[in-house]
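Here is the structure we will look at.
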Amino acid sequence: MNTKTTIAGLEFPSYICNASGPNDATLDELHVLGSSGSSAIVMKSCTIEPRSGNAEPRYARLPYGAIQSMGLPNLGYRAYGEFAPLLQSYGKPIVASIAGLSVEDYRVMVDTFQESDVDLIEVNLSCPNIEGKPQVAYDFEQTEKVLSVVSRSGTKPVGVKLPPYFDYVHQQHMAELIEKYQISFVTCINSVGNVLVIDPEKETPILKPKKGFGGLSGSYIKPIALANVRAFYNLLGDKISIFGVGGIQSGVDAFEFLLAGADVVQVGTIFEKEGPACFGRIEKELVDILIAKGYHSVADAKGRLKFL
Ligand code: HRO
């Protein structure tokens with residue numbers, strides 16, 4: 001079974017890779033991803049300066065996923081540029097993820113990664129956990145400012161990591177900007193931002209930062225993620241590539257994202273819980289489904305959602 005696929009013309013050896021977020025901020029963690037079944041090495045979203053992130057507790061597993069308010073703990077973008085050549089021997093795509101705190105930050109980081117050994121640049125427009133910094137992609141004027149600087153320089157494909165949208169007009173508006181600025185791929189979706197989980201015993205939120213408001217991930221958000229993948233697939237078709245992310249923990253989940261139109265799926269919450277064995281497990285489960293259904297490759301099933 002051929003599970004090779006591409007994002008922005010770049011070959012991915014299989015369908016499942018890690019999502020920016022869990023266990024991808026240090027060089028040791030990135031080496032673990034290099035040695036794992038992940039089809040790429042996706043790095044933690046970085047900022048200009050290193051950050052230790054928000055106060056703890058800032059991550060909690062839930063029955064069907066997780067809530068977190070990590071607050072962008074990372075080593076600063078220079079470190080990730082230096083790590084890239086050390087990771088090339090794994091022979092899989094290296095993806096930088098940048099999260100500016102200003103338009104100028106995005107410009108500086110994208111210019112630096114354009115000159116580095118990374119293969120793709122994911123521009124994170126959707127971190128929900130920085131106090132006083134709204135998610136960029138919910139503000140289309142601000143988004144256009146960022147896209148105008150990140151799309152300007154270099155030859156490496158640039159994509160955007162989007163928050164969940166809950167109305168088609170927002171997906172349409174974003175799709176127009178993606179076309180206008182020749183963005184090569186989208187990553188749908190980031191965590192569902194600013195949800196609240198309460199501990200009834202303690203009568204407190206379960207997270208400390210932002211008075212308990214944090215990003216929701218895992219199975220809770222899978223239908224929202226599928227809807228966003230499908231909406232962008234409908235709107236942009238083969239003009240862009242799509243990373244699907246949100247609640248994938250089994251081969252069935254990955255297959256649903258494939259039908260919706262995702263070129264590759266990223267896993268975050270299940271990787272945090274299960275460790276690097278999850279990549280090979282989910283890939284194998286997906287292959288079994290494709291074989292049972294008579295598909296010959298991932299490409300064969302992509303976008304093939306049927307209608308009632
Ligand atoms: O670090 C975080 O708190 C974080 C980031 Cl950058 C992001 O993009 N999405 C998220 O749920 N958490």
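Just so it is clear, the model here is predicted, and its values are computed rather than measured. Start at 1 and go down the list; that is how both ligands and their atoms are numbered.
- Under the 30°/60° scheme for interplanar angles, the aromatic rings of F140 and H170 are found to be tilted.
- In summary, the atoms of ligand 1 found under 4.0 Å from a heavy atom of M70, numbered by their order in the structure, are 1 (O), 2 (C), 3 (O).
- Using a non-hydrogen distance threshold of 4.0 Å, C127 registers as a contact of ligand 1.
- Under a 4.0 Å criterion applied to the non-hydrogen atoms of L72, ligand 1 contributes the atoms 1 (O), 2 (C), 3 (O), 6 (Cl).
- Listed by number with element, the atoms of ligand 1 under 4.0 angstrom from any heavy atom of S191 are 10 (C), 11 (O).
- Among the atoms of K44, some N or O lies under 3.5 angstrom from an N or O of ligand 1.
- At under 3.5 Å, not a single nitrogen or oxygen of P128, backbone or side chain, sits near a nitrogen or oxygen of ligand 1.
- The backbone N or O of S38 lies less than 3.5 Å from a partner atom in the side chain of K92, making a donor-acceptor pair.
- Listed by number with element, the atoms of ligand 1 under 4.0 angstrom from any heavy atom of Q68 are 3 (O), 10 (C), 11 (O), 12 (N).
- With hydrogens and angles left out, the side-chain atoms of Q68 and S217 include no donor and acceptor closer than 3.5 Å.
- Looking only at distances, a side-chain donor or acceptor of Y80 sits under 3.5 Å from a matching main-chain atom of L75.
- With rounding to the nearest 0.5 angstrom, the NZ atom of K156 is 9.0 Å from the CG atom of L120.
- With ligand atoms numbered from 1 in the order given, ligand 1 contributes 6 (Cl), 7 (C), 8 (O) to contacts under 4.0 Å with heavy atoms of N124.
- For a threshold of 3.5 Å applied to N or O pairs, the pair formed by N190 and ligand 1 contains at least one separation below that value.
- Of all atoms in ligand 1, numbered sequentially from 1 with element shown, those under 4.0 Å from a heavy atom of N129 are 2 (C), 3 (O), 4 (C), 10 (C), 11 (O), 12 (N).
- Considering CG of L10 and CG of D263, their distance stands at 12.0 Å, rounded to 0.5 Å.
- By the 30° and 60° cut-offs, the orientation of the rings of Y295 relative to F255 is tilted.
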